[in-house]
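Just so we're on the same page: letters track the sequence lines, and every chain starts at 1.
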2 protein chains.
Amino acid sequence: MQMRDTIRESVARRRQRPLVIEVRDELERMILHGEIAPGERLNENALAEQLGVSRGPVREAARSLEREGLVQAVANQGVFVRKLSIADALELYDLRAMMAGYLCGALAGRADGAIRAELRGLVEAMDRAIAAGDERRYFDLNLQFHDRIAEASGAERARALYSALCKEVRLMRLRVLQGEPSLRQSNEEHRRIVAAIEAGDAAAATAAGAGHHENGKKRLLDTIGQRDT
Amino acid sequence: MQMRDTIRESVARRRQRPLVIEVRDELERMILHGEIAPGERLNENALAEQLGVSRGPVREAARSLEREGLVQAVANQGVFVRKLSIADALELYDLRAMMAGYLCGALAGRADGAIRAELRGLVEAMDRAIAAGDERRYFDLNLQFHDRIAEASGAERARALYSALCKEVRLMRLRVLQGEPSLRQSNEEHRRIVAAIEAGDAAAATAAGAGHHENGKKRLLDTIGQRDT
DNA sequence: GGATTGTAGATTGTCAACAATATTCTGTTG
DNA sequence: CAACAGAATATTGTTGACAATCTACAATCC
């Protein structure tokens with residue numbers, strides 16, 4: 001029974017963000033910024049008052065965050081910011097790497113001139129940031145680089161999962177000041193990813209994308225001084 | 001600040017499933033059984049009355065399902081059962097295959113005698129089901145086989161994702177009556193998975209697990225008569 | 001006759017109050 | 001003084017009501 005698309009489109013354009021979404025985003029921000037620490041409880045009353053809404057939207061937002069893995073609900077006790085074990089974190093890194101590989105592989109099969117140029121430009125900009133010793137800028141560009149790949153890949157579900165996994169990883173709150181050599185190495189990997197995408201080589205792009213993300217796991221293992229898988 | 005375990009245990013025992021969870025499970029069941037068709041709206045009032053609860057829990061449950069990908073919420077219009085495009089479905093099959101591969105690989109590194117024996121037993125039982133021409137039983141055992149791998153893998157997040165992706169795939173409501181030759185082939189792949197796990201060969205187990213799940217995608221492509229990736 | 005506008009009904013969004021449960025505090029007892 | 005019992009408090013679970021918004025239909029105008 002689908003009517004004219006023009007109507008549906010205008011409806012979609014007119015729709016405004018419901019309060020629940022606003023609340024969810026704000027809670028997510030608070031958690032990711034460490035304003036609510038892992039293991040801490042999300043007090044519905046306090047949050048509702050603080051955000052100027054009633055408890056309903058806060059509860060709905062919390063359910064949303066629960067499915068995303070950022071919080072855990074316990075019956076009659078409340079929802080708590082998730083506390084990651086080392087094993088959890090290692091698994092998250094694996095999954096994120098897999099997802100990144102998939103996104104890169106998907107993009108390799110469909111990248112047009114615009115996104116290719118954009119990715120090349122980002123890699124060069126990161127080179128300049130390294131040369132200028134601007135780690136903060138490198139960090140931002142790096143984020144943008146991976147976001148653009150995810151968006152342009154056309155793999156909507158994978159992009160959403162990748163994004164959620166990145167957020168979950170941030171629950172660890174690891175300080176990853178990398179230093180110049182590490183940055184240079186990282187951008188070299190970016191270059192390999194772009195090369196594989198431009199060559200239309202999906203397998204190589206998958207491998208390059210996944211491999212690049214496995215560094216996070218390696219750093220974590222170095223930090224805690226283990227040497228296992 | 002942990003007090004005696006006896007108290008904590010009794011608390012854990014006493015806690016009952018909140019209404020939201022019950023509602024979520026019921027809604028999920030209705031959607032997966034096609035009682036609410038893709039594209040259809042979830043009427044809060046009607047569902048609340050039907051389930052004997054108020055709209056609050058229904059709304060929270062819907063948010064939960066939204067994150068899981070089974071429904072989609074539109075502001076001021078309601079939440080709708082997600083309608084999958086062919087592209088969506090293909091992506092889901094890919095992601096599920098990846099996740100299954102990861103689970104098999106993880107299990108290869110930690111499978112003890114009990115789970116090995118259990119998996120072997122399931123494969124043999126599936127053989128017998130094929131011989132008896134009991135497709136329904138094969139279907140159940142197959143589900144159990146993959147569930148047990150997911151549980152025993154120890155990869156909690158991956159297991160949850162795998163489970164969610166399986167549910168999403170079911171939104172397609174594809175009839176997959178396979179016929180005996182296809183079943184035989186499928187169980188042969190199961191055997192390969194178990195062999196790789198028992199050999200402790202993570203790479204082989206990953207490949208076998210992923211490969212096995214790519215059949216679903218092939219069947220879908222056959223069905224719609226395409227030959228692309 | 002077709003398009004537009006206005007109105008009525010249905011539905012979602014939000015809230016505040018009440019009930020059920022968990023946590024904390026305090027006094028008592030062995 | 002430690003452990004327990006019970007009250008007091010805080011917090012979550014659930015509900016029904018009200019406001020905002022959308023959808024469908026009918027009356028009006030060109």
Side-chain angles (χ1 to χ4, degrees), chain A residues 1-27 30 36-37 39-67 71-82, chain B residues 1-27 36 39-67 71-82:
Chain A
M1 195 184 272
Q2 20 235 41
M3 300 298 284
R4 300 129 293 209
D5 273 345
T6 54
I7 291 181
R8 297 209 150 266
E9 280 166 12
S10 83
V11 166
R13 223 179 300 120
R14 203 179 313 163
R15 77 160 182 216
Q16 60 200 27
R17 285 163 63 96
L19 211 43
V20 180
I21 306 295
E22 302 282 356
V23 174
R24 185 175 63 71
D25 289 350
E26 175 61 14
L27 289 183
M30 290 171 83
I36 313 178
E40 203 172 329
R41 199 187 71 231
L42 271 64
N43 187 314
E44 292 178 6
N45 281 312
L47 289 169
E49 191 173 0
Q50 184 179 338
L51 300 175
V53 299
S54 84
R55 281 174 52 216
V58 174
R59 286 177 63 90
E60 280 186 48
R63 287 293 167 200
S64 206
L65 259 40
E66 184 188 12
R67 274 292 160 193
V71 302
Q72 237 169 344
V74 180
N76 293 320
Q77 286 184 301
V79 318
F80 301 80
V81 176
R82 185 144 162 251
Chain B
M1 196 186 275
Q2 18 238 46
M3 299 299 282
R4 299 128 293 208
D5 274 345
T6 55
I7 290 181
R8 297 211 150 263
E9 279 166 14
S10 83
V11 166
R13 223 178 302 119
R14 200 180 314 161
R15 79 158 183 218
Q16 59 201 26
R17 284 163 61 99
L19 215 39
V20 181
I21 306 295
E22 303 281 356
V23 173
R24 185 174 63 70
D25 288 350
E26 176 60 13
L27 289 183
I36 314 178
E40 203 173 329
R41 199 186 73 231
L42 272 64
N43 186 314
E44 292 178 6
N45 281 312
L47 289 169
E49 191 172 0
Q50 185 178 337
L51 300 175
V53 300
S54 82
R55 280 175 53 217
V58 174
R59 286 178 62 90
E60 280 184 48
R63 286 293 167 199
S64 208
L65 258 39
E66 185 187 13
R67 273 291 156 192
V71 303
Q72 235 169 345
V74 180
N76 293 321
Q77 285 184 299
V79 318
F80 300 81
V81 177
R82 185 144 162 249

Taking every non-hydrogen atom, the tightest pair across B:S64 and B:R24: OG-CD, 3.0 Å
Flag yes if more than 12 heavy atoms outside A:E22 fall under 6.0 Å of its CD atom; otherwise flag no. yes
In degrees, rounded to 10°, what is the bend between the two ends of the helix from C:dG1-D:dC30 to C:dG30-D:dC1, using five pairs at each? 10°
Side chains of A:R63 and B:V20 in contact at under 4.5 Å (non-hydrogen atoms): yes
Does B:N43 place a side-chain N or O at less than 4.0 Å from the phosphate oxygens OP1/OP2 of C:dA10? no
Could you go through B:E66 and B:V79, starting from their C-alpha distance and side-chain angles, then the distance that decides it, and tell me whether this counts as side-chain contact (heavy atoms from CB on, under 4.5 Å)? CA-CA 8 Å; B:E66 185 187 13; B:V79 318; over 6 Å; no
Separation of D:dT21 atom P from B:R41 atom CZ, nearest Å, is 18 Å
OP1 or OP2 of D:dA10 under 4.0 Å from side-chain N/O of A:N45: no
Would you classify A:L42 as touching base, sugar-phosphate or nothing, given that sugar-phosphate means primed atoms plus P, OP1 and OP2, and contacts are heavy atoms under 4.0 Å? sugar-phosphate
Grab the CG-C1' distance between B:N76 and D:dT21 for me, whole Å please. 5 Å
Point-to-point distance, once rounded to the nearest 0.5 Å, from CG of B:L51 to CG of B:L19: 9.0 Å
To the nearest 0.5 angstrom, please state how far the CG atom of B:N43 sits from the CZ atom of B:R55. 9.0 Å
Heteroatom pairs (N/O) under 3.5 angstrom, protein to nucleotides 14-16 of chain D:
| residue | atom | partner | partner atom | Å |
| --- | --- | --- | --- | --- |
| D:dT14 | OP1 | B:L19 | N | 3.1 |
| D:dT15 | OP2 | B:S54 | N | 2.8 |
| D:dT15 | OP2 | B:S54 | OG | 3.2 |

B:Q77 side-chain proximity, nearest of C:dT11, C:dA22, D:dC22: D:dC22
Looking only at non-hydrogen atoms, find the nearest pair between B:A62 and B:V71 and report the distance. O-CG2, 3.7 Å
If we only count heavy atoms from C-beta on, is the A:L47 to A:M30 side-chain gap below 4.5 Å? yes
Can you tell me the distance, in whole Å, between the CD atom of B:E40 and the P atom of C:dT11? 13 Å
Rounded distance (Å) that lies between atom C1' of C:dT14 and atom CD of B:E44: 12 Å
For the pair made of CG in A:L47 and P in D:dT12, what is the distance, rounded to whole Å? 9 Å
Grab the two heavy atoms, one from B:V81 and one from B:L42, that are nearest each other, plus how far apart they are. CG2-CD1, 3.6 Å
